[in-house]
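Scroll down for the structure; my scribbles are underneath it.
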Amino acid sequence: MTVTAESRTVELDPRRNVPGTRPGFSSTLRAEWIKFWSVRSTMWSTVMLFVLGAGLTALICATNAEWLASSEADESPGSFITFGLTFAQITAIVLGTLTVTSEYGTGMIRATLAATPRRGAVLAAKALVLTGTLFVAGTVTAFAGYFAGNFFLDREGIGLALSDDGVLRSMFGSGLYMTGLGLLAAGVGILVRHTAAALSMVLALVFVAGNMAFLLPGTWGEWVAKLMPGNAGSPVAVPVPFNPEALTPWTGFAAFGAEVLVLLVIGWMVFQRRDA
Amino acid sequence: MISVSGLTKKYGDKVAVDDVSFTVATGRVTGFLGPNGAGKSTTMRMVLGLDRPTAGSVTVNGRRYRDSPAPLREVGALLEAKALHPGRSARDHLRWLAASNRIPTSRVDEVLELVGLEAVAGTRVGKFSLGMGQRLGIAVALLGDPPVVVLDEPVNGLDPEGIRWVRTLARQLATEGRTVFISSHLMSEMALTADHLVVIGRGRILADCSMREFIAEHAASYVKVRSPQRGQVADLLRGAGADVTPVDDELHVQGLDAAAVGELVGDKGLYLHELTLVRSSLEDAFMTLTSASVEYSARARTDQAGALR
């Protein structure tokens, strides 16, 4: 305590502690960073992301290398080299959701907004922490999966070089797509404020509704399917597209990015107005 | 100083806080008293800029809370004890709060020690008892060494020792010249802690006065007199201007204090068997005051319905 006076008539300058300038965005960012890494679920999710992403890729390549090298193979090794990342994307969605909904579930959002009343800054800091973490984790995992999986492919003489078409792009693309998914989940989290609800909505949207949309009839249906977040965003993360009807990697990712951005802007507008 | 002016909060048709105005002055403990659901927490959330008022305004030290560059250094608040992530340790909770307002990290250990949680600083708060959670909440409130302290139901879940600790702390903070604003639904607790009282019921201010005034006005007191010469004593005291009511074999005297009664009776050489100052409890006074607000609120609603037609 800096104040030690005992007299009842003490005049305490109400702003004696208050700096002249705002602590600034870097302080908000640091607070969110500490918050993010000081719960166990973050470390567990990140470890799961890596294990699933790199581990399953290595496993599928190890078990399929021989078949892929044979004349019966009707698939490209490129479809296998990022295989595990599809599962890792689920943990990215979990992380993105929890970053927001855990605050609402515990009532901590009030502590957060009392400490930083500028809600836009809180949201931006959360988004930045997620972006940094998921981009690095996604990219590192993709590379680890590539090196581990390619070891088995190389043995059969069907290895992929990083300089091969789309391989390097899919490594960084995995980081980008995972970041996008995390932000998408965070955006939905802001709107629904409930972990289970947000999680099931995003998982259904990305992994279920996306595939079903290809069943829609006509040109209209075709475009809806192409623009579903999972369908538009995922081609950037694979060297060889799974679905020939999907948009090209960068066009698709641009559409996906725009969708995430729109969602975050809507979330920001709601967040600004809402009672905490 | 906290200034609340014309503050109103409606949830749909329900009016939670209804045109409330009051001031919380520096250097004293202001108790914010009301039954559960009276609008205390809603008002406090609006003070902290968490909830948006339907009408009216609140300023802290002359500006809106959200306009403060580093609010934790200006206003420290204990919200609900549950505003914590159960998986985070007490120290980490304080660390991120400190970081958000550029409060030196050394302050984290200072406040942990101040509230007596230094031994469990690294424990996840999910394992904390209700009382430990309240202590951590108070540590959060004091983190920025703020001149304004807002505590929402701070004694909830505390044991008697903890309650006394909060009481002493609140008094000490006020003595240091800080503005202390404490809500409670327990009149008895406020009577021991607060200098000034703001009573709220059904979203309306029912009383805004010093604790002493509140006691004088709402807690009726009288002098209970028993005497074998009841009639003579009654006449004597009435002659001295007192208001005397015979109850069973007692006399209830208002308008004279016990000393005056004793001296008057003694001068006349009359006998007294009992001379006692009786106060009705503050809790009773509070109940009477807030139960009246229920009727008032019901009347007000009929008026509004009439106005709508």
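Please read these numbers as outputs of a predicted model, since none were measured by experiment. The sequence lines fix the lettering, A, B, ..., with proteins before strands; numbering per chain opens at 1. These numbers come from the heavy atoms of this one structure, side chains and all, not from hydrogens, waters or symmetry mates.
The line from CG of B:Leu97 to OG1 of A:Thr112 is 7.5 Å long, rounded to the nearest 0.5 Å.
Two residues are said to be in side-chain contact when any heavy atoms from C-beta on lie closer than 4.5 Å; B:Ser100 and A:Lys35 fail this criterion. Between A:Thr106 and B:Pro86, some side-chain heavy-atom pair lies under the 4.5 Å cut-off.
Comparing B:His93, B:Arg66, B:Arg45, B:Arg88 by heavy-atom pairs within less than 4.5 Å of chain A, the highest count is held by B:Arg88.
Residue contact with chain A, scored on non-hydrogen atoms closer than 4.5 Å, involves the backbone and the side chain of B:Arg52 alike.
Nearest heavy-atom pair across B:Arg102 and A:Ser26 is NH2-OG, 3.0 Å. For A:Pro23 against B:Ala70, the heavy-atom pair with the smallest separation is CG-CB, 3.9 Å. Between B:Ala99 and A:Arg30, the shortest heavy-atom distance links the atoms CB-NH2, 3.9 Å. The shortest non-hydrogen separation linking B:Leu72 to A:Ala114 is CD2-O, 4.2 Å. Residues A:Arg110 and B:Leu79 come closest through the heavy atom pair CB-CD1, 3.8 Å.
Interface residues of residues 188-208 of chain A toward chain B, defined by a heavy-atom distance below 4.5 Å: none. Among residues 260-276 of chain A, the residues having any heavy atom closer than 4.5 Å to a heavy atom of chain B are, in sequence order, A:Gln272, A:Arg273, A:Arg274, A:Asp275, A:Ala276. The stretch residues 37-54 of chain A places A:Ser38, A:Val39, A:Arg40 near chain B, each with some heavy atom under 4.5 Å from a heavy atom of that chain. For a heavy-atom cut-off of 4.5 Å, chain B lies close to A:Thr116, A:Pro117, A:Arg119 in residues 116-136 of chain A.
Atom CZ of B:Arg164 sits in a sparse spot, with 12 or fewer heavy atoms from other residues, nucleotides or ligands closer than 6.0 Å.
Checking side-chain atoms of B:Asp92 against main-chain N and O of A:Ile34 turns up no donor-acceptor pair under 3.5 Å.
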